[in-house]
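This structure is a prediction, so every number in the text was calculated from the model and none was measured.
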Amino acid sequence: MVLTELSGQIERITYTNEENGYTIARIKVYGQRDLVTVVGYLMSPTPGEILNLKGEWVNHPKFGEQFKVVEYKTTVPATVFGIERYLGSGLIKGLGPVMAGRIVKKFGKKTLDVIENDIEKLGTVEGIGEKRITMIQQAWEEQKEIRNVMLFLQSHEVSSGYATKIFKQYGNRSVAVVTENPYRLATDIFGIGFVIADGIAEKLGVSKDSPLRVVAGIIYVLDQLSDEGHVFYPYESLVRKSREILGVEKDVVVEALGRLSMDNRIIIEDIHESIDEFKANNKGVYLAKFHLCETSIAKRLKTLLAAPKSIRNVTTENALHWVQGQLDITLAENQAKAIRCALEKKIMVITGGPGTGKTTIINAVLKIFSRLGVRALLAAPTGRAAKRMSETSGHEAKTIHRLLEYSFTHGGFQKNEEKPLNCDLLILDEVSMIDTILMHHLLKAIPTFATVVLVGDVNQLPSVGAGNVLNDIIASGTIPVVELNEIFRQAQESRIVVNAHKINSGILPVFENHEAGNDFYFIQQEDPEKVLEIILELTKTRIPRRFDLDPVDDIQVLTPMHKGIVGSGNLNMALQESLNPSQEMITRGNQNFKVNDKVMQIRNNYDKDVFNGDIGRIVDIRRDDYEITVTFDGRDVIYESSDLDELVLAYAISVHKSQGSEYPAVVIPVLTQHYILLQRNLIYTAVTRGRKLVVMVGTRKAFAMGVNNDKTQKRFTYLKHRLK
């Protein structure tokens, strides 16, 4: 293939994939009037960068002529306009687009020379004082040091975006670290996965069957499997998967597994269970942290069960009679059974769907224990779930992270076996969301004498993190479980509640779209483009006008997929354009962030005290400093340029990310193109997120596929057997 050369300056980024660097950008090519679309693996390009490209022209059937990049280099711009774009891109802390414009207006083509050799002259620019000059100087000096790293990395096809992250992690040792073991990047730096590190390693001449590569590859495969929910994975299946991904022989993988086992980075254990993928008495492979957590959960639950209670001599029937009078209710048989269990047992599980009275039980148990002078604590996995728990119980509830006093600076959870929680009773809600690692840390901090009440809906989707903790506890048969299945009269008036229970039983609901007082609708449409149009109309006008709801705060679009026309990516861009006319924005990768945007944090950031799944609103953008402020439940959090890859738009989110939250209204696209993900527990979880209104848009066929599919993906866990 004969490669064509092309040079130009990046005008804007249309799309970029942070994981693999695949980018669609528009560039200004010298001598051409129209912008050129380039596609390829540019990895975190910056508007204003000059690209020297090699590639070929291709004709896309939908988007027309494009330049497909095969290789490229970036250089510092030489034109006044280019320098302004470059400085204002967020590359240098203390300089945003406005300030960059003032500097370039003052010094023109000499701007970079002034910053390099006579930086004090910047003080003559309006708005730049000593403090900002110091910031710019420090950032510029850092950039100079980074340049060597960048030149080295770009020669191996890694862009400035990742070079900056690498430099921040390793400083002047960057080149040495990357040369010695490029696979460290995958574990040390957020955003650089094994695939990118492997690409760098290949350019550095690391052989395919290098022990360094195979060891890193197996850890990568196990990490990917844990992201799918597996706590361990069958040995032979892991060998097969690793061979497929790494392209090496079986003995190379087996040898690397042995090395990892010797180093205690993995644990290989006999699994005495017949599972589809392997026969009894085979071996399972754990990442060391998951083995520690799973064995610890089993041990601590057994210890809790065996320990004496701090509260004794309570007459259960008297307490039941008293609390019914206090709450002015008559408890159903299963509700009374649950309260008896909480009074008499050390640890118990209450599970049930919406409208089955879980909240009433929590309030009754709290009332009785408060009367006895017991120290009670309430917690849930997410901020929204904890807030809802507080509102329904009238008792303070915290997130589990706050309950355990997580501190980034002090090295993790401050509450543990040495410093246990100060309580006689702990009530946990939304337990289906708690993964293996978090449950391990939580159980470590519970005093042995405390009573523990676990509340959750076992039919919802399991935790986003690895494990299936609530399901395994129930399936073990070692801990008392009360299952609530009676829908109470008030809840029976809600079609959402009634239909959710039908879905959970594998029964297709009957939709009465025109019935007065209805809160559950299905709009039939099979064309994805038209489904998108309907969703935009529903969120902007139809639902707000009819139900008096705020389009952004009160309506949440939930989708099974990330990709496609009605995947979260495309939906967010369309909903942002529809619902947020603000022109004040910052661009990061393929995302434009505007003032008033609804955004979601996508990783735990203990330093900022915001966690994966937290939803907030952008309240301020400072383009000078390339910073934005997001408010989460009334608390403002500042994000610098380098933090912005932790945020995504949240007008539409995945069903998984919605767990633990409720919204006044939810809109759910359901199409046959989602068939891989259409499962009963996903549909059920999505529907139960809506408090006042659920609107589904798509085809009855797709909906029926989901309701009829109760074959949820098997998660490899061994907690059930450890508890037995």
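For the atom pair CG of Leu421 and CZ of Arg375, the computed distance is 10.5 Å after rounding to the nearest 0.5 Å. Separation of atoms OH (Tyr663) and CG (Asp554) is listed at 12.0 Å; rounding is to 0.5 Å. Atoms CZ and CG, on Arg265 and Leu287 in that order, are 9.0 Å from each other to the nearest 0.5 Å. Between the NZ atom of Lys283 and the OH atom of Tyr235 there is a distance of 8.5 Å, given to the nearest 0.5 Å. One finds the OG1 atom of Thr303 at 9.5 Å from the NZ atom of Lys346 (value rounded to the nearest 0.5 Å). Here the OG-CD distance, from Ser463 to Gln659, works out to 7.5 Å after rounding to the nearest 0.5 Å.
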- request: Please lay out, stage by stage, how Arg259 and Met262 fare under the test side chain to side chain contact (heavy atoms under 4.5 Å, CB included).
  value: CA-CA 5 Å; Arg259 187 177 289 109; Met262 289 282 288; 5.7 Å; no
- request: Test side chain to side chain contact (heavy atoms under 4.5 Å, CB included) on Val482 and Leu484 and set out the steps.
  value: CA-CA 6 Å; Val482 177; Leu484 307 171; 4.2 Å; yes
task: Start with the C-alpha gap between Ile271 and His721, add the side-chain angles, then the distance that decides, and say whether side chain to side chain contact (heavy atoms under 4.5 Å, CB included) holds.
output: CA-CA 9 Å; Ile271 301 294; His721 297 273; over 6 Å; no
message: For Asp198 and Tyr183: C-alpha separation, side-chain torsions, deciding distance, then whether side-chain hydrogen bond (donor to acceptor under 3.5 Å, both in side chains) applies.
response: CA-CA 7 Å; Asp198 198 35; Tyr183 295 102; 2.6 Å; yes
- request: For side chain to side chain contact (heavy atoms under 4.5 Å, CB included), just list the numbers for Leu222 and Leu238, CA-CA rounded to whole Å, side-chain angles, deciding distance to a tenth of an Å, and then say yes or no.
  value: CA-CA 8 Å; Leu222 283 168; Leu238 177 64; 3.9 Å; yes
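In this structure, the side chain of Ser393 engages the main chain of Met389 through a donor-acceptor pair within 3.5 Å. A donor-acceptor pair under 3.5 Å links the side-chain atoms of Ser226 to the main chain of Asp223, judged by distance alone. A distance-only check finds no donor-acceptor pair linking the side chain of Thr399 to the backbone of Pro381 [under 3.5 Å]. Within the 3.5 Å criterion, the main-chain N or O of Glu483 finds a donor-acceptor partner in the side chain of Asn334. A side-chain donor-acceptor contact under 3.5 Å links Ser390 to the backbone of Ala397. A donor-acceptor contact shorter than 3.5 Å links the side chain of Gln414 to the backbone of Gly412. A distance-only check finds a donor-acceptor pair linking the side chain of Thr559 to the backbone of Val566 [under 3.5 Å]. A donor-acceptor pair under 3.5 Å links the side-chain atoms of Asn572 to the main chain of Ala652, judged by distance alone. Remark: the backbone N or O of Val253 is not paired with any side-chain donor or acceptor of Ser242 at under 3.5 angstrom.
In this structure, Lys337 places its NZ atom where only 12 or fewer heavy-atom neighbours from other residues, nucleotides or ligands lie under 6.0 Å away. Shown here is Lys302, whose NZ atom has more than 12 heavy atoms of other residues, nucleotides or ligands within 6.0 Å.
The side-chain hydrogen bond (donor to acceptor under 3.5 Å, both in side chains) check on His441 picks up nothing, with sequence neighbours excluded. Every residue two or more places apart in sequence or in another chain that forms a side-chain hydrogen bond (donor to acceptor under 3.5 Å, both in side chains) with Asp472 is listed here: Thr717.
Judged by distance alone, the side chains of Gln460 and Asn681 never bring a donor and an acceptor atom under 3.5 Å apart. Using a 3.5 Å distance cut-off with no hydrogens or angles, the side chains of Tyr233 and Gln224 do not pair a donor with an acceptor.
The pair Glu417-Arg300 meets the salt-bridge criterion, since a charged nitrogen lies less than 4.0 angstrom from a carboxylate oxygen. Salt bridge status for Lys444 with Glu418: absent, with no side-chain N to carboxylate O gap under 4.0 Å. Arg617 has no carboxylate O lying under 4.0 Å from a charged side-chain N of Asp597, or vice versa, which leaves the two without a salt bridge. Using a 4.0 Å cut-off between charged nitrogen and carboxylate oxygen, Arg722 and Glu294 count as a salt-bridge pair. The pair Lys608-Glu640 fails the salt-bridge criterion, with no side-chain N (NZ, NE, NH1 or NH2) lying under 4.0 Å from an Asp/Glu carboxylate O.
When Thr631, Asn605, Val610 are each tested for a side chain to side chain contact (heavy atoms under 4.5 Å, CB included) with Val637, only one passes: Val610.
Aromatic ring pairs are classed by plane angle as parallel below 30°, tilted from 30° to 60° and perpendicular above 60°; the pair Tyr639 and Phe632 is tilted. Using a 30° and 60° split on the angle between ring planes, Phe716 and Phe232 fall in the tilted class, from 30° to 60°.
Cation-pi geometry between Lys502 and Tyr684 is not met at under 6.0 angstrom from the ring centre and within 45 degrees of the axis.
Remark: aromatic rings of His230 and Phe290 are distant, center separation not under 6.0 Å.
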